[in-house]
*Asks:* 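I have a structure here, written as structure tokens, and I will follow up with some questions on it.
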Amino acid sequence: MAEAQKMQISDEVAIRIAGMNKWYGQFHVLRDIDMTVNRGERIVICGPSGSGKSTLIRCINRLEEHQQGQIVVDGTELTSDLKNIDKVRSEVGMVFQHFNLFPHLTILENCTLAPIWVRKVPKREAEETAMHFLQKVKIPEQAHKYPGQLSGGQQQRVAIARSLCMKPRIMLFDEPTSALDPEMIKEVLDTMIALAEEGMTMLCVTHEMGFAQAVANRVIFMDQGQIVEQNEPREFFNNPKSDRTKLFLSQILGH
Amino acid sequence: MSEPSQTNFVRTQMLPPSPPPLREAGVVRWLRENLFSGWFNTILTLFGLVVIWLLVSSALPWWLNGVWTAGSLGECREIIAKTAGEGASGACWAVVRERWHQFIFGFYPVDLWWRPVLAFCLLFAAMGPVLFAGQKRKLLILLGAVVAMILILVTLAASAVPNEVPGQTDAPFVWKLALALSLLTIGAMMALTAAGSGKLLWFTGLYPALCFWLLWGGPIWVPLGALFGFVLLAVVYSSLLKRAGPGMAAGLGLIVALVWWLFIDAPVTVALNDAIPFGLTSVQSDEFGGFLLAITIGVTAITFSLPVGILLALGRQSDMLIVKTLCVGFIEFIRGVPLITLLFTASLLLQYFLPPGTNFDIILRVIILVTLFAAAYLAEVIRGGLAALPRGQYEAADALGLDYWQAQRFIILPQALKVSIPAIVSTFIGLFKDTTLVAFVGLMDPLKGVTQIVRADIDWKGIYWEPYIFVGAIFFVICFGMSRYSMYLERKLKTDHR
């Protein structure tokens, strides 16, 4: 889309992954992953289930450990050094398939906890920031409710706001709409599109091909732990190169 | 009303609501559905009624003929025979009236009763800010009740002193001073609560030392010295936190505090006491008994077993092999051994391992082992709570950049402890009742120790049910209170809105 193309992509490298391999026991989940993400890029990762796409983005904030190769996020290499891991995690926001809000805390507390304790922001300032982002995801009036009182779509928007409160430079989305009812998917996607338009660096594992066409500047297709094909969205959807991609696209777009 | 035809029908008149038939309403319906819903249930109901009748008819006279004023069991029986006729059965509550103080205080000196009583009242003031955190109104009511308790109970206890005062005693003005100070403290706490300040935990922190001093007496420098160790720990921790990180700072603080407690504390305390002798009459551990003993052991063990249990549960889940092995080993060993074995260890074996000449108080030893015993059970209960949390909660906390201890403190433990509340409180209730097992190491627990002493008296020889019913009733009140509190807490913490 025209406006998507207008969004700024700088030459600055945000994430660099080189020769990365990961195993679960004997099982080789990620094989020789090489990719670079520039600041401001919006990347959609798709692929059949079990292709390792979630594992890949979970490696970027070290929820999963890689055994070989290099992952550098914002100039910090991920190793077993806990300080580096915490640094990367506070710069990288993540939104999960099942929201993972903290059910014992109110929406506002969900959003202020990490800024207060990780960023050491004063409580009042953290609350103002939280309200700002809740406004942005269009649910400021729910601030004092508990997650259990909100609908799935609302919860996912809170989860996005919670990540944004940490003022991350990169956002990871792990199938953010897969656990939602169809009519709630739109409200979450709208929030994500708004975020993309502001120039956030985003990596998004999703099967929402409409979203990919609207905002992504690159689509990555994975199968069996490898990157099979990557291209800008129009080429990717209209003119896929590999047979595996063609098959996948025909299956998800076929009905 | 028109007869509705099969195919088309229009209602011309709405029906008014009418009461259900008699068979389907109120008591009759309840009886029919719950007690007489079929021939089998009817037989069961009738059978149950007969059993209840048999039980009540045999026990009721015993309760109704109860005698409260008598000097001995024989006298009781005479009175019952006189009022209810020869051969009638009746309870002899006179034993409770005569000997209640032994069930409560053991052989704690009469003129010092005000001290445990005051400690007991202040216990509620110390627990209040923890039990009713953020509940201003409830906390104020509780503190008000504590004031009333102190005024009534402490005055009663102080006035129980017989005319011929036995050997050991505090100066007469001391209890009045203590009373005034306690009331002032609670007044200050109430003012703080009313002003909306949550900073009441300082009293909770001081309370263990204060309670120890009130119960055992001795120079005031002993509890102050022990407290000073914690002050050292806090100072070292906070000054090193920035530079060395929480683990290192806590470790070094602990080392400094241990050095103080083990090597410096005692001489300093002695020197201070020589310079400024001030204290309460000291009471020996063998004078403790009854519920004073049970509550002392129970409350201390409950307080300390929870944090130890949490640490053990976290240790058991740890990735660090040595920590994990130690925790698993400890938990499995303690759970695999009967409590009585541990108590015997406390009373006999521990003495062999300690350097000769150390006088390690028996109650303290028992408290330590009961604490460890309960902690092992709690660790498993809490592990269950930890396991019940979805993996996503850990991941969300990690993804936000919270470190391990922050994630545990704000995300994991609040939820894990919440789901384990019923099991945790069950463990606490079990622990409190298990305090009666200290009878096996010669301590005077209320159930066996004191009752045995009372029944050994020539006046009360042959009495059987009454002391046990009395002690059981007190245990029931305390345990039932804990159970109700846990239900309140569950309701208060219910935020999942399922």
Side-chain angles (χ1 to χ4, degrees), chain A residues 54 57-58 60-65 80 82-107 109-120 144-150 158-159 162-168 170-174 179, chain B residues 133-134 196-199 238 241-249 310 318-321 323 382 385-386 388-421 424 489-498:
Chain A
S54 285
I57 69 164
R58 288 158 61 87
I60 294 173
N61 66 351
R62 193 99 172 170
L63 288 183
E64 304 283 355
E65 197 179 326
S80 54
L82 288 176
K83 278 227 174 74
N84 281 353
I85 294 174
D86 283 341
K87 184 159 171 250
V88 166
R89 281 175 178 167
S90 63
E91 299 293 336
V92 178
M94 184 156 195
V95 175
F96 298 88
Q97 181 178 2
H98 296 287
F99 333 135
N100 296 356
L101 294 178
F102 306 129
H104 62 301
L105 300 177
T106 63
I107 300 305
E109 287 165 341
N110 263 280
C111 293
T112 55
L113 182 77
I116 291 175
W117 291 95
V118 180
R119 286 253 189 268
K120 315 285 181 205
H144 296 286
K145 290 192 180 165
Y146 287 94
Q149 292 165 290
L150 269 54
V158 171
R162 177 176 72 178
S163 293
L164 293 178
C165 285
M166 285 295 281
K167 307 266 174 73
I170 299 166
M171 285 286 286
L172 308 174
F173 293 85
D174 187 1
Chain B
S197 163
K199 306 232 179 305
S238 57
L241 186 58
K242 280 268 158 59
R243 260 172 293 167
M248 195 71 164
I310 290 173
S318 167
D319 296 332
M320 290 179 275
L321 187 67
V323 172
I382 294 166
L386 290 172
L389 277 197
R391 184 95 217 102
Q393 293 290 311
Y394 292 88
E395 288 177 353
D398 282 348
L400 284 169
L402 295 167
D403 66 31
Y404 177 80
W405 290 109
Q406 285 171 338
Q408 292 299 338
R409 177 175 160 202
F410 298 117
I411 311 298
I412 308 303
L413 285 178
Q415 297 185 63
L417 291 180
K418 191 178 92 182
V419 296
S420 337
I421 287 173
I424 290 177
L489 198 60
E490 273 177 75
R491 269 199 315 276
K492 183 178 128 183
L493 297 179
K494 188 166 163 36
T495 57
D496 52 359
H497 305 279
R498 268 188 284 206

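A, B, ... follow the sequence lines: proteins, then strands. Residue 1 opens every chain.
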*Asks:* With a 4.5 angstrom heavy-atom cut-off, could you sort out which part of A/L101 is near chain B: side chain, backbone, both or neither?
*Replies:* backbone
*Asks:* Just by distance, do the side chain of A/K120 and the backbone of A/W117 share a donor-acceptor pair under 3.5 Å?
*Replies:* yes
*Asks:* In Å and rounded to the nearest 0.5 Å, what is the CD to CD distance from A/E64 to B/E395?
*Replies:* 7.0 Å
*Asks:* Report which part of A/H104 has an atom under 4.5 Å of a heavy atom belonging to chain B: side chain, backbone, both, or neither.
*Replies:* both
*Asks:* Nearest 0.5 Å, what's the CG-CG distance between B/L413 and B/L389?
*Replies:* 9.0 Å
*Asks:* Given heavy-atom pairs under 4.5 angstrom as the criterion, report whether the side chain, backbone, both or neither of A/R58 touches chain B.
*Replies:* side chain
*Asks:* Is A/V92 in contact with chain B via its backbone, its side chain, both, or neither, using a 4.5 Å heavy-atom distance?
*Replies:* backbone
*Asks:* Would you mind checking which part of A/F96 comes under 4.5 Å of any heavy atom in chain B, side chain (CB onward), backbone (N, CA, C, O), both or neither?
*Replies:* side chain
*Asks:* Let me confirm one number: the CD1-NZ distance from B/I424 to B/K418, rounded to the nearest 0.5 Å.
*Replies:* 13.0 Å
*Asks:* Between the side chain of A/N110 and the main-chain N/O of A/F102, is any donor-acceptor distance below 3.5 Å?
*Replies:* yes
*Asks:* Using non-hydrogen atoms only, which part of B/Q406 is less than 4.5 Å away from chain A: side chain, backbone, both, or neither?
*Replies:* side chain
